[in-house]
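Numbering starts at 1 and runs along the sequence shown. Heavy atoms only: backbone and side chains are in, while hydrogens, waters and symmetry mates are out.
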Amino acid sequence: MEAWATILALVVAVLAIYHYVFKNWNYFKKSNIPYNSPWPVLGNMGVVLLRQKTMAEMTIDAYNINPKAKYVGFFDMATPVVIVRDPELIKSIANERWRETRTMLSPAFTSSKLKGMYKLMNNCATNFADYIANMPKEKRTLEMKDAFTRYTNDVIATCAFGIGINSMKDQNNDFYVLGKEATNFTGIKSLLFFVIRSWPTLSKVLNIKIISDKVVSFFKNIVKETIETRDREKIVRGDMIQLMMEARDKRAEHGKELELIDMVAQAFIFFFGGFDSVSTAMCFTCHEIGVHQDVQERLQQEIDEVLEKTNGNPSYEVINNMEYLDAVINESLRMYPIVVFLDRVCNQNFELPPTLPGREPFLVKKGTNVWFPVYAFHHDPKYFEEPGKFNPDRFIERGKEIQNSGVYLPFGLGPRMCIGNRFALLEIKVLIFHLLARCNLKPCAKTSIPMKMSKKTISVTAENGFWMDIEPRSDTHSSLRNSLSNGTVIDDAVCNANGVTNGHAVKA
């Protein structure tokens with residue numbers, strides 16, 4: 001009897017697994033939607049998980065299943081996904097709200113708040129450029145990802161957490177080291193990421209995590225101690241922690257509570273979004289600037305003209321109005337969007353028009369995953385002539401048209417587009433301004449020409465790193481030389497507005 005019970009249990013288990021793996025096998029076939037046949041368990045993600053292709057290549061393959069289709073089918077592991085190819089259709093369905101987070105954090109990104117943060121960014125960028133320009137000759141072949149991540153680390157620390165750090169000088173501060181650990185998605189962490197996305201319930205049962213308890217504890221303590229210090233000392237500072245404290249107080253007035261863990265989560269999301277992704281955008285931009293010397297010379301000319309007009313002290317408004325700098329960054333974000341696709345979950349049943357003439361409309365049911373293929377749009381010759389060519393002039397000639405086209409989506413679109421996009425763009429502009437004011441970028445033996453993407457991670461990044469030779473400019477503008485000779489490079493204490501030493505909170 002026991003043997004039969006065991007056999008029956010095994011049969012039930014096999015049937016359950018079979019049903020789970022193959023239950024959606026005909027999901028798109030029965031609705032006559034173009035799709036590529038999935039692999040068992042891995043779906044259409046197999047080529048990425050087995051490192052045969054990058055996420056970008058996989059997305060383009062799916063996008064090109066049928067160039068005339070408004071949308072196509074895709075399997076993210078065992079989960080069916082609708083990939084929308086029609087920009088007008090995307091505009092009609094990407095209109096959901098994300099109230100709570102945006103209500104809490106939107107005030108951080110108003111023009112007045114960004115002006116205040118600009119000063120802090122400027123300090124960090126000035127220190128960074130000074131450090132790079134004064135490196136000994138034997139150290140001037142630089143892996144830019146490591147260096148730029150240190151800059152973004154310092155900017156986020158001071159603008160979001162009220163913490164002053166100089167990560168170029170203090171190479172192993174806790175804020176940087178643990179931030180790098182948290183945002184590293186190479187190796188087994190890439191696989192775990194997909195497991196958590198595809199099987200959240202199983203992941204909870206097995207206690208699968210991609211962020212270590214050590215990292216969580218560190219950020220929790222930073223936020224907790226900063227809040228306690230400000231409450232006790234009545235400190236007010238225009239950063240993200242302050243905004244969350246104000247949201248907490250407003251809720252308390254209505255008998256509602258904003259728990260510490262919620263504040264920690266929002267602070268970490270801000271850090272997570274800015275630490276790695278913005279530095280990667282800087283790397284791609286500086287790679288193209290270094291490879292295209294004509295672009296670099298034109299950009300440095302614009303920078304020198306700004307230095308001349310502002311006597312070496314450009315304002316927030318002046319930096320934001322630099323036309324060619326803006327075009328260079330926008331073109332880099334077109335060629336190398338940090339987010340390969342935007343993913344959404346349908347929150348109510350929604351009928352799509354027929355994907356192809358002569359076919360039936362398709363009902364996207366609540367809970368269905370929908371993707372918008374950003375990388376594929378950016379590299380479609382239908383929308384961008386010679387998409388593989390780095391050409392900032394396309395944004396000089398038709399920048400507004402591109403921005404409003406519905407196919408240029410480096411920061412998403414609609415009410416749920418990246419809340420920190422203006423912050424990120426300003427951070428990149430300030431860094432490139434100060435770096436190119438002081439230095440020249442030149443390809444070296446390790447520079448990847450043409451750029452090759454890594455298959456080892458889900459992130460968009462270079463296969464062998466971002467290597468470049470950095471040399472101090474011999475033609476530094478006179479206003480900058482004067483300011484440097486007068487000792488106006490910002491001291492660490494200026495950034496340390498309310499305190500951390502090596503990533504450990506101290507009294508403000």
Checklist entry - According to the interplanar angle, ranging from 0 to 90°, do the rings of Tyr176 and Phe275 count as parallel (below 30°), tilted (30 to 60°) or perpendicular (above 60°)? => result tilted
Item to check | Flag, side chain of Ser454 to backbone of Lys456, donor-acceptor distance under 3.5 Å | outcome: yes
Next on the checklist: Does the plane of the ring in Phe284 sit parallel, tilted or perpendicular to the ring in Phe466? Use 30° and 60° as the thresholds.
Outcome noted: perpendicular
Checklist entry - Above 12 or not: heavy atoms from other molecules or residues under 6.0 Å from NZ of Lys91? => result yes
Checklist entry - Any idea how Trp371 and Phe341 line up, ring-wise: parallel (<30°), tilted (30 to 60°), or perpendicular (>60°)? => result parallel
Checklist entry - Has Arg150 got its NZ or CZ under 6.0 Å from the middle of the six-membered ring of Phe128, at an angle within 45 degrees of the ring axis? => result no
Checklist entry - For Lys220, does the NZ atom have more than 12 heavy-atom neighbours from other residues, nucleotides or ligands under 6.0 Å away? => result no
Checklist entry - Should the pair Arg334 and Tyr408 be classed as cation-pi, given the thresholds of under 6.0 Å to the six-membered ring centre and 45° from the axis? => result no
Checklist entry - Hey, are Asn122 and His434 close enough side-chain-wise for a donor-acceptor pair under 3.5 Å? => result yes
Checklist entry - Under the 3.5 angstrom rule, does the side chain of Gln293 hit a backbone N or O of Leu441 as a donor-acceptor pair? => result yes
Checklist entry - Backbone N or O of Ala69 within a donor-acceptor pair of the Arg85 side chain at under 3.5 Å? => result yes
Checklist entry - Within a strict 4.5 Å, meaning less than it, do heavy atoms of the Tyr375 and Ile60 side chains meet? => result yes
Next on the checklist: Less than 4.0 angstrom from a charged side-chain N to a carboxylate O is my criterion; do Asp469 and Lys137 meet it?
Outcome noted: no
Checklist entry - Asn36 versus Ile65: any side-chain heavy-atom pair under 4.5 Å? => result yes
Next on the checklist: Counting C-beta onward and ignoring hydrogens, is there a side-chain heavy-atom pair between Lys145 and Asp276 closer than 4.5 Å?
Outcome noted: yes
Checklist entry - Is the backbone N or O of Glu288 less than 3.5 Å from a side-chain atom of His292, with the two atoms forming a donor-acceptor pair by type? => result yes
Next on the checklist: When you compare the side chains of Glu427 and Thr152, does any donor N or O come within less than 3.5 Å of an acceptor on the partner?
Outcome noted: no
